[in-house]
Amino acid sequence: MAIELPKNGMVGAVKTAQTSPPAEAPKEESTANQQSEPAGKPYETKPPAIKGGDVNDNEFAVFCQGIDKYTKIPEHGEGVWITKDLKRRLDAIKFHSGNNLGIRALVNAALEAFLDSHEAAIAAKYFGQ
């Protein structure tokens with residue numbers, strides 16, 4: 001079996017795979033307990049609106065500092081699994097940033113901001129410390 005490559009070789013094939021929409025997956029039978037998937041692709045959705053008072057200013061400031069800290073780091077880090085819906089939300093943020101924000105930087109900054117604010121409470125609740 002032969003596959004014809006684009007005129008610029010594997011670079012073109014990779015670029016095409018990265019920019020073209022994914023193939024439709026077979027539909028699973030829906031159940032009443034499953035949540036419906038958001039309509040459209042992540043890059044077609046609008047970023048979620050933040051309501052006034054929903055953001056802890058200090059936590060958000062730590063998040064913004066984390067973005068600067070974790071952007072363009074050479075380390076790949078360790079693998080962590082996230083849900084499909086959360087990955088789509090991160091993809092939408094990345095797309096709406098003009099691809100200036102990397103998902104790795106977003107996740108690291110968000111986790112650092114959250115843990116800086118809530119690590120003691122998490123330890124007290126789950127580890128009895």
Side-chain angles (χ1 to χ4, degrees):
M1 181 164 115
I3 299 174
E4 184 178 334
L5 292 175
K7 56 185 161 190
N8 55 352
M10 286 302 294
V11 172
V14 170
K15 208 170 242 188
T16 301
Q18 290 175 337
T19 57
S20 63
E24 291 290 323
K27 301 271 184 192
E28 296 179 13
E29 291 183 30
S30 63
T31 63
N33 294 338
Q34 287 181 334
Q35 293 179 341
S36 64
E37 293 184 20
K41 314 264 184 299
Y43 48 85
E44 294 172 345
T45 60
K46 293 182 181 176
I50 298 175
K51 298 176 186 121
D54 283 354
V55 176
N56 176 333
D57 290 337
N58 186 41
E59 196 171 326
F60 189 71
V62 172
F63 169 77
C64 292
Q65 291 170 353
I67 289 289
D68 295 336
K69 177 180 174 182
Y70 291 109
T71 297
K72 297 182 181 176
I73 58 171
E75 175 185 342
H76 283 287
E78 299 292 326
V80 175
W81 291 96
I82 60 174
T83 65
K84 177 174 45 172
D85 292 335
L86 184 56
K87 174 69 166 75
R88 287 180 180 163
R89 290 172 65 187
L90 291 169
D91 284 337
I93 293 169
K94 179 180 178 177
F95 176 78
H96 288 289
S97 77
N99 288 323
N100 291 327
L101 294 175
I103 291 177
R104 193 175 340 154
L106 282 167
V107 170
N108 281 300
L111 285 173
E112 182 176 53
F114 184 81
L115 290 175
D116 282 355
S117 297
H118 305 289
E119 191 167 15
I122 293 168
K125 179 171 177 80
Y126 294 104
F127 304 115
Q129 297 176 359

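Grouped by direct or indirect side-chain proximity (heavy atoms under 4.5 Å, Ile/Leu/Val/Met/Phe/Trp/Tyr only), I73 sits with Y70.
Counting only residues at least two apart or in different chains, salt bridge (Lys or Arg N to Asp or Glu O under 4.0 Å) contacts with residues 61-71 comprise K69-E112. Every pair tested for salt bridge (Lys or Arg N to Asp or Glu O under 4.0 Å) that includes a residue from residues 115-124 fails, sequence neighbours excluded, so the list is empty.
Residues meeting the ring-ring contact (aromatic ring centres under 6.0 Å, His included) test with F63, sequence neighbours left out: F60.
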When the side chains of residues 100-109 are checked against the rest of the protein, which donor-acceptor pairs come out under 3.5 Å, sequence neighbours left out?
unit_1	atom_1	unit_2	atom_2	d
N100	ND2	S97	O	3.0
R104	NH1	E75	O	2.9
N108	ND2	R104	O	2.8

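Residue I93 is grouped with residue L86 when hydrophobic side chains (ILVMFWY) are merged at heavy-atom distances under 4.5 angstrom, including chains of intermediate members.
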Quiz item: Where do I122 and F114 land on the side chain to side chain contact (heavy atoms under 4.5 Å, CB included) test, with the steps shown first?
Solution: CA-CA 10 Å; I122 293 168; F114 184 81; 3.6 Å; yes
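Under 4.0 Å is where a charged nitrogen must lie from a carboxylate oxygen, and between K87 and D91 at least one such pair does.
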